[in-house]
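Each remark here refers to the structure printed beneath this line.
Only this structure's heavy atoms are used, side chains among them; waters, hydrogens and symmetry mates stay out.
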Amino acid sequence: MSFKETLSRELNPQQALCASSLEGPLLIIAGAGSGKTRTITYRLAFMLHSGIPQANILALTFTNKAAREMLHRAKALTGKKLTQLTLSTFHAFGLRILKEVLRRAGTLKGSLGAYKENFTIYDEADSISLIKQAARELKLPREGLDPSGLSQLFSSIKTGLKVFTPDTEPWKNLYESYQEHLRIYNAFDFDDLIIKPLQIFREFPEILKEYQKRYGYIMVDEFQDTSQNQYQMVKLLAQERRNLCVVGDDDQSIYSWRGADYRNILQFEKDFPERREIKLEQNYRSTGTILEAANRLIAHNTNRKDKQLWTGLETGKAIELAFPEDEFQEAKLAVETLRTWRITEQENYGDMGLLVRTNSLMEPLEEALLDAAIPYRISGGKSFIKRREIKDIIAYLRLILNPDDDGSLLRIINVPRRGIGLKALEEIRRLGDLKKLRLYSAITALHHGAGEAAGFRLSGRAVESLGEFITLIEKYRGLFKAEKNIADVYRSLLDSLDYWSYLVQENPDRPKAAAWKYQALIRFGDMIERWMKDPDNLSPSLSNYLNMLTLSNQDDEEEDQGKVNLMTIHAAKGLEFNLVFLAGAEDQLIPHAKALEENPLSLEEERRLFYVALTRARKKLFITACQKRTFLREVKESGPSRFLEEIPQELMEIQKAKVEVEETEALDYFAMIRSRLK
């Protein structure tokens with residue numbers, strides 16, 4: 001059987017057409033639940049079957065999870081390891097370009113020429129810390145300084161979403177200082193992973209030519225979520241061969257606040273007028289009722305490509321709508337609904353999604369889940385590698401690899417405590433500024449007495465502590481270079497730091513907290529070891545591991561199929577659940593008052609967000625809108641979301657009776673479980 005025959009057997013006609021159309025620009029409009037991932041995976045397999053070399057294919061998506069899933073499926077279809085296939089997120093691809101280009105000494109000129117190959121990636125927390133440092137050096141008053149807000153402003157300025165206005169002009173010097181600090185520290189922030197490669201392509205045509213030649217076939221998933229800069233990157237790469245396939249759904253564009261621009265679909269049509277367009281409109285996920293509600297809702301948007309999703313699945317249950325008195329009754333109803341569904345439908349909690357518009361609505365829901373002893377996971381909770389103790393040890397590893405990383409040095413110079421006081425730090429900074437040295441070099445100079453002639457002096461205790469610090473860093477720089485077993489070197493470093501004693505000192509009345517934190521550090525060593533031993537890992541170096549961590553931390557760490565998924569609608573995009581309980585479907589919440597206040601055109605995006613919530617449900621959709629809700633300790637009357645009025649009433653039923661789980665139902669359920677275990 002030919003592979004084209006396989007496509008015809010495994011895919012519907014439109015999907016098969018997408019998978020077999022390899023030459024020229026292709027626009028795939030993939031509706032919710034239309035089998036998009038399956039389609040583009042078969043398209044990848046067909047490329048390889050048709051003789052296109054792995055190294056000539058570039059496939060880009062937005063999360064590491066999506067990239068891993070696509071790669072796993074492609075491997076299963078082809079039976080190949082696919083070690084030369086570039087399938088990654090945009091940011092990981094940008095990182096790859098920077099590492100490849102900066103590896104060539106003297107390739108770049110201008111501002112980019114100051115960077116070296118062993119650069120560091122700064123995540124959001126690192127960027128905020130650097131903004132604080134730059135503000136201190138500029139002697140800016142602490143009053144009115146919002147580092148987190150400034151980080152968002154600087155990101156918008158850098159990516160071109162905003163320009164300095166009379167209101168923000170006072171922060172221009174701080175922005176320029178932040179940029180200069182990144183350059184001096186040999187570091188890039190996350191925006192740089194897109195902006196800098198794009199700058200390279202525009203300023204160095206010969207480098208662009210190399211990548212155009214390498215990547216003759218390009219595919220972009222979730223195209224509606226691309227920013228203008230991301231689109232410009234793939235557009236430049238595809239200019240010569242024009243084999244660019246973009247896959248997306250303008251009805252699911254919900255990330256404008258972070259730069260996504262669904263209008264890139266229209267721009268693609270202008271830039272590639274010879275494109276072929278294929279629509280995937282058959283939905284394999286939701287019942288007829290849920291799909292009809294979603295279709296009727298989204299039809300109220302005017303700025304969209306015309307499409308009509310349909311399904312061959314059964315009509316299914318009506319959408320259930322309830323109006324609890326307040327958020328506490330809503331939370332109680334949510335718990336009762338989840339319990340009932342689990343028993344009557346014999347479903348796993350992991351197949352249930354409890355969705356809200358904003359994080360602020362989660363607290364009463366989480367409390368109700370805790371009280372009911374229902375296991376749950378919160379999307380957007382604190383990541384493992386963002387825990388303080390993990391960031392401390394990562395800072396040590398970063399500094400060992402890159403002594404120019406002042407941010408990491410400042411984080412751990414007194415972790416564990418070394419008695420290096422503020423005066424010593426001021427002297428180190430002063431010598432660094434005078435001699436134009438990075439802090440580590442200034443510490444080394446002061447320790448060896450090189451600063452005494454210029455009037456720089458440290459106490460005997462500080463000199464001794466700094467000497468021990470330098471010895472530690474230099475020792476482990478050598479060990480990490482020489483030893484193949486990085487995990488063992490890491491464990492040795494942990495012992496040398498005596499971090500356990502430090503945690504005990506920091507948590508004198510909480511021994512369990514100290515043990516819990518130290519166990520996380522042990523687990524981190526195990527993670528390093530697993531990564532190093534992974535046969536699919538072609539570049540097992542500490543530097544690559546740290547960069548991978550920074551990139552992968554943009555996704556949720558782990559999935560747990562036995563827990564209710566409590567998350568925002570934004571976090572739920574790309575997921576699906578047998579039961580979706582959508583809480584807080586009230587005006588001022590969805591559509592959100594702040595979004596409409598900032599931009600009246602946001603109404604269509606808010607509707608798209610509601611559409612995404614509806615289309616996460618496979619079998620059952622339950623929606624609640626409270627009659628009143630507490631905002632900032634003030635109880636206010638609430639009204640149902642205007643979007644509920646856009647769903648035909650015949651598709652919904654109002655819940656009147658309280659949902660209860662009868663004891664006999666529970667006993668029958670447990671009897672059924674026991675019979676299965678025999």
Is the backbone of Ile195 close enough, under 3.5 Å, to the side chain of Asp192 for a donor and an acceptor to pair up by distance? no
Leu354 versus Leu369: any side-chain heavy-atom pair under 4.5 Å? yes
What closest approach, in Å, do Pro416 and Leu497 show between heavy atoms, and which atom pair accounts for it? CG-O, 3.3 Å
Does Ser151 form a side-chain hydrogen bond (donor to acceptor under 3.5 Å, both in side chains) with Ser148? I'd like the steps, not just the answer. CA-CA 5 Å; Ser151 175; Ser148 180; over 6 Å; no
Would you confirm whether Thr120, through its side chain, and Ala187, through its main-chain N or O, come within 3.5 Å as a donor-acceptor pair? no
Grab the two heavy atoms, one from Ser88 and one from Ala67, that are nearest each other, plus how far apart they are. CA-CB, 4.2 Å
From Thr89 atom OG1 to Gln230 atom CD, the distance as rounded to the nearest 0.5 Å: 9.5 Å
So, using ring pair (Phe, Tyr, Trp, His ring centres under 6.0 Å) as the criterion, who are the partners of Tyr545 when residues are at least two apart? Trp531
Flag the pair Asn118 / Leu102 as yes when at least one side-chain heavy-atom distance between them is below 4.5 Å, and no otherwise. no
Using the side chain to side chain donor-acceptor pair (under 3.5 Å) criterion, which residues pair with Ser253? Sequence neighbours excluded. none
State which residues pass ring pair (Phe, Tyr, Trp, His ring centres under 6.0 Å) with Phe643; sequence neighbours excluded, sorted by chain then number. Phe610
Does Ser129 reach the main-chain N or O of Ala125 with its side chain, forming a donor-acceptor pair under 3.5 Å? no
State, with a plain yes or no, whether a side-chain heavy atom of Asp261 is found less than 4.5 Å away from one of Thr226. no
Enter the distance from Phe93:CZ to Leu193:CG here, rounded to the nearest 0.5 Å. 12.0 Å
Note: Glu586-Arg357 ion pair, threshold 4.0 Å (strictly below): no
Non-hydrogen side-chain atoms of Phe188 and Tyr122 separated by less than 4.5 Å: no
Over 60° means perpendicular and under 30° means parallel, so tell me whether Tyr185 and His181 are parallel, tilted or perpendicular. perpendicular
Counting C-beta onward and ignoring hydrogens, is there a side-chain heavy-atom pair between Lys573 and Asp225 closer than 4.5 Å? yes
Heavy-atom pair with the smallest gap, counting every atom of Asn186 and Lys116: OD1-N, 2.9 Å
Taking side-chain contact (heavy atoms from CB on, under 4.5 Å) as the definition, give me every residue that meets it alongside Arg136, ordered by chain and number, with sequence neighbours left out. Lys132, Gln133, Arg429
Ring centroids only, cut at 6.0 angstrom: are Tyr175 and Phe164 within range, meaning strictly under it? yes
Is any NZ, NE, NH1 or NH2 atom of the basic residue among Lys594 and Glu597 found under 4.0 Å from an Asp or Glu carboxylate oxygen of the other? no
Check: Phe223 ring centroid to Tyr231 ring centroid under 6.0 Å: yes
Return the set of residues passing ring pair (Phe, Tyr, Trp, His ring centres under 6.0 Å) with Phe328 (not counting sequence neighbours), or none when no residue passes. none
Could you tell me whether a side-chain N or O of Glu389 sits under 3.5 Å from a main-chain N or O of Ala520, the two making a donor and an acceptor? no
May I ask you to decide if Arg642's main-chain N or O and Asp587's side chain share a donor-acceptor pair within less than 3.5 Å? yes
For the atom pair CG (Leu198) and CG (Leu236), what is the distance rounded to the nearest 0.5 Å? 6.0 Å
May I ask you to decide if Glu605's main-chain N or O and Ser602's side chain share a donor-acceptor pair within less than 3.5 Å? no
Assign the ring pair Phe190 / His91 to parallel, tilted or perpendicular, where the plane angle (0 to 90°) is split at 30° and 60°. tilted
Salt bridge flag under 4.0 Å for residues Arg103 and Glu100: no
Do Thr568 and Thr358 have side chains that get closer than 4.5 Å, going by heavy atoms? no
Hey, are Asp406 and Arg438 close enough for a salt bridge, meaning a charged N less than 4.0 Å from a carboxylate O? yes
Please determine whether side chain to side chain contact (heavy atoms under 4.5 Å, CB included) holds for the pair Gln199 and Arg202, giving the CA-CA distance in whole Å, both sets of side-chain angles, and the decisive distance to 0.1 Å. CA-CA 5 Å; Gln199 182 182 346; Arg202 286 171 170 164; 5.9 Å; no
Taking every heavy atom of Ala613 against every heavy atom of Leu582, the minimum-distance pair comes out as CB-CD2, 4.0 Å
What's the separation between atom CH2 in Trp171 and atom CG in Leu174, rounded to the nearest 0.5 Å? 6.5 Å
Under 3.5 Å, is there a donor-acceptor pair linking the side chains of Tyr262 and Ser256? no
With a 4.5 Å limit on heavy-atom distance, are the side chains of Arg398 and Asp126 in contact? yes
Does Gly149 offer a backbone N or O that forms a donor-acceptor pair with the side chain of Asp146 under 3.5 Å? yes
Restricting to ring pair (Phe, Tyr, Trp, His ring centres under 6.0 Å), what partner residues turn up for Phe90, sequence neighbours left out? Phe62
Atom NZ in Lys391, atom OG in Ser408: separation rounded to 0.5 Å? 8.5 Å
Without swapping roles, check the side chain of Ser441 against the backbone of Leu437 for a donor-acceptor pair under 3.5 Å. no
Taking the six-membered ring of Phe119, is NZ or CZ of Lys99 closer than 6.0 Å to its centre and within 45° of its axis? yes
Sidechain N-carboxylate O distance under 4.0 Å for Lys158, Asp191: no
Tell me, please, which residues at least two apart from Ser496 pass side-chain contact (heavy atoms from CB on, under 4.5 Å). Leu472, Lys475, Tyr476, Ser492
Sorted by chain and residue number, the salt bridge (Lys or Arg N to Asp or Glu O under 4.0 Å) partners of Glu327 (sequence neighbours excluded) come out as none
Hey, does the side chain of Asn264 reach the backbone of Ser227 with a donor-acceptor pair shorter than 3.5 angstrom? yes
Contact between Ile569 and Val356 at the side-chain level, heavy atoms closer than 4.5 Å - yes or no? no
Please enumerate all residues that pass side chain to side chain donor-acceptor pair (under 3.5 Å) together with Tyr499, with sequence neighbours excluded. Asp392
I'd like to know if the side chain of Thr471 and the backbone of Gly467 have a donor-acceptor N/O pair within less than 3.5 Å. yes
Can you list every salt bridge (Lys or Arg N to Asp or Glu O under 4.0 Å) pair that touches residues 490-502, not counting sequence neighbours? Asp488-Arg491, Arg491-Asp526, Arg491-Glu529
Is the CD atom of Gln228 crowded by more than 12 outside heavy atoms at less than 6.0 Å? no
By side-chain contact (heavy atoms from CB on, under 4.5 Å), Trp516 pairs with (sequence neighbours left out) Arg387
How long is the gap from CG on Leu361 to CG on Leu355, to the nearest 0.5 Å? 11.5 Å
Would you call the rings of Tyr255 and His570 parallel, tilted or perpendicular, taking 30° and 60° as the class edges? tilted
Can a salt bridge be assigned to the pair Arg629 and Glu637 using a cut-off of 4.0 Å between side-chain N and carboxylate O? no
By side-chain contact (heavy atoms from CB on, under 4.5 Å) - contacts of Asn173 (at least two apart): Glu176
